[in-house]
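These notes concern the structure reproduced below.
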Amino acid sequence: MDRHLFPTVVLAVCLGFTSAPSAQQPPLPPGSDPLHRALDQILDVNVRDGFVYYRAMQGSRGALDRYVASLNVPAATYNAWTKEAKMAFWVNAYNAFVLQTVVNRYPIKGTSSTYPPSSIRQIAGAFDQTKHRAAGRSVTLDEIEKTVLAEFNEPRLSLALGRGAVGSGRLRSEAYTAARLPEQLESIENEFVTKQRLLKVDRTAGVVSTSAIISWHEAEFVAAYGGKAGEKFASRSPIERALIAFVTPHLLPLEKELVDENRFKVTFQEFDWRLNDLTGGRIN
């Protein structure tokens, strides 16, 4: 199928129109979603371990722009979806809007001393002012993260957002889908303890340092995990108990020993706002 015709098919699916499938159209992979198939292809080609070939994406940006346009499905269509489909939709929308925001200004050369020169934060209003259209709504990136996604009471979604930054959870090389969302969120949870920018356990210093994302979404993590920590951690703050419950099942044995002794200090890392750009070589 001509890929330039694909967005039309996507829109037809979202609006409920059907037609006989083309003989040349390859079958959808198991668990895929017709609406997000275009994003899946974009991420597969341009993202590696959370880092993005922004220059290459900019050179073929038509596919990204068409996918972003397809996200403004009618509100009635969106409202008929399952909770899982809605969660996958908003995570994909957020990540696509971030990619488009960066591509629109790439290469970023900001002058603010508060953030790295190439940071997405150098784009004025990128998170709190620029509006995007999705599901019949006009929303900023901050509104998606702090309001829309927060309503689902699933804190792991905050770790699925790329944010265009090195300090975020890993931007996957695939789109999120309703059918695979439980598996994808479980993968995020398992992976959290393997990335030092998200969690670092220093047994010598007795310090557990974690991403600022956890503190940004304290209420959600406390609601989901705060009651799951053992009684020995009752004197800990709510967010510390939530962190303990969230990470302990996935720690290495020696790391679990440190946590079990309950003599460690919890700190929150400064968020790394460097652009997650793979063009010209990966950032360490």
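- Counting all heavy atoms, side chain and backbone alike, Ser173 lies closest to Val47 at OG-O, 2.8 Å.
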Quick one, Val166 with Phe51, criterion side-chain contact (heavy atoms from CB on, under 4.5 Å). Give me CA distance, side-chain angles, the key distance, then yes/no.
CA-CA 8 Å; Val166 172; Phe51 288 77; 4.1 Å; yes
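- Side-chain atoms of Asp40 never come within 3.5 Å of backbone atoms of His36 as a donor-acceptor pair (strictly under, hydrogens ignored).
- Gln122 places a side-chain N or O within donor-acceptor distance of the main-chain N or O of Tyr115, the cut-off being under 3.5 Å.
- Arg61 and Asn104 share a side-chain donor-acceptor pair at under 3.5 Å.
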With side-chain contact (heavy atoms from CB on, under 4.5 Å) as the criterion, how do Asp65 and Gln100 come out once you've worked through the C-alpha distance, each side chain's angles and the decisive distance to 0.1 Å?
CA-CA 7 Å; Asp65 290 340; Gln100 188 181 61; 2.9 Å; yes
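- The closest donor-acceptor contact from the side chain of Thr101 to the backbone of Phe97 lies under 3.5 Å.
- Both Tyr94 and Phe152 are assigned to one and the same hydrophobic cluster, defined by single-linkage of ILVMFWY side chains at heavy-atom distances under 4.5 Å.
- Looking at Arg156, its side chain never comes within 3.5 Å of a backbone N or O of Ile188 through a donor-acceptor pair.
- Checking side-chain atoms of Gln58 against main-chain N and O of Val102 turns up no donor-acceptor pair under 3.5 Å.
- Side-chain N or O atoms of Thr210 include one that pairs as donor or acceptor with a backbone N or O of Leu198 at under 3.5 Å.
- With a 6.0 Å cutoff to the six-membered ring centre and a 45° limit on the axis angle, Arg121 counts as a cation-pi contact of Phe127.
- His217 contributes atom NE2, which lies 9.0 Å from atom OG of Ser215 (distance to the nearest 0.5 angstrom).
- Ring orientation note: the planes of Phe246 and Phe221 are nearly perpendicular, at an angle over 60° on the 30°/60° scale.
- Checking side-chain atoms of Thr248 against main-chain N and O of Ala245 turns up no donor-acceptor pair under 3.5 Å.
- Under a cut-off of 6.0 angstrom, the local environment of CD in Glu186 is sparse, with at most 12 non-hydrogen atoms contributed by other residues, nucleotides or ligands.
- A donor-acceptor contact closer than 3.5 angstrom is absent between the side chains of Asn95 and Tyr176.
- Under the 6.0 Å distance and 45° angle rule, Arg236 counts as a cation-pi partner of Phe264.
- Other residues, nucleotides and ligands contribute at most 12 non-hydrogen atoms within 6.0 Å of the NZ atom of Lys200.
- Remark: the Tyr54 side chain and the Asn276 side chain contain an N/O donor-acceptor pair separated by less than 3.5 Å.
- Environment of NZ in Lys131: crowded, with over 12 heavy atoms of neighbouring residues, nucleotides or ligands closer than 6.0 Å.
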Any chance you could lay out the side-chain contact (heavy atoms from CB on, under 4.5 Å) test for Leu157 and Leu185, step after step, and finish with the verdict?
CA-CA 7 Å; Leu157 295 174; Leu185 291 178; 3.9 Å; yes
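- Side-chain contact check for Asp277 and Thr279: at least one donor-acceptor pair (N or O, by modelled atom type) lies under 3.5 Å.
- Shown here is Arg133, whose CZ atom has more than 12 heavy atoms of other residues, nucleotides or ligands within 6.0 Å.
- Rounded to the nearest 0.5 angstrom, Leu199 CG and Ile214 CD1 are separated by 8.5 Å.
- Taking CZ of Arg48 as the start and CG of Leu278 as the end, the distance is 8.5 Å to the nearest 0.5 Å.
- Contact between Val98 and Gly164 at its shortest, heavy atoms only, is CG1-N, 3.4 Å.
- Tyr78 and Trp90 have perpendicular rings, their planes meeting at more than 60° on a 0 to 90° scale where under 30° would count as parallel.
- Taking all atoms of both residues into account, the shortest heavy-atom contact from Arg163 to Ser158 is NH2-O, 3.0 Å.
- Using modelled atom types, no side-chain atom of Thr177 and backbone atom of Asp33 make a donor-acceptor pair closer than 3.5 Å.
- Judged purely by atom type and a 3.5 angstrom limit, Thr130 uses its side chain to pair as donor or acceptor with the backbone of Gly125.
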Can Ile244 and Tyr225 be said to form a side-chain contact (heavy atoms from CB on, under 4.5 Å), step by step?
CA-CA 8 Å; Ile244 291 166; Tyr225 297 97; over 6 Å; no
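- Minimum heavy-atom separation, Gly167 to Ser211: O-OG, 4.4 Å.
- Note that CG of Leu181 and CE of Met87 are 5.0 Å apart. Values are rounded to the nearest 0.5 Å.
- Between the side chain of Asn92 and the main chain of Ala88, a donor-acceptor pair closer than 3.5 Å is present.
- Between Trp216 and Phe271, a ring centre-to-centre spacing shorter than 6.0 Å is recorded.
- Annotation for Lys146: atom NZ does not count as buried by contact number, only 12 or fewer foreign heavy atoms lying within 6.0 Å.
- There is no path of hydrophobic side-chain contacts, each under 4.5 Å, that joins Leu258 to Leu252.
- Distance check: Leu159 CG to Phe192 CZ gives 6.0 Å after rounding to the nearest 0.5 Å.
- What you find for Glu143 and Thr140 is that their closest heavy atoms are OE1-N, 2.9 Å.
- Interatomic distance, Met57 CE to Leu99 CG, rounded to the nearest 0.5 Å: 4.5 Å.
- Contact detail for Phe233 and Arg241: the closest heavy-atom pair is O-CD, 3.2 Å.
- Counting only heavy atoms from C-beta outward, the side chains of Lys232 and Asp260 approach each other to under 4.5 Å.
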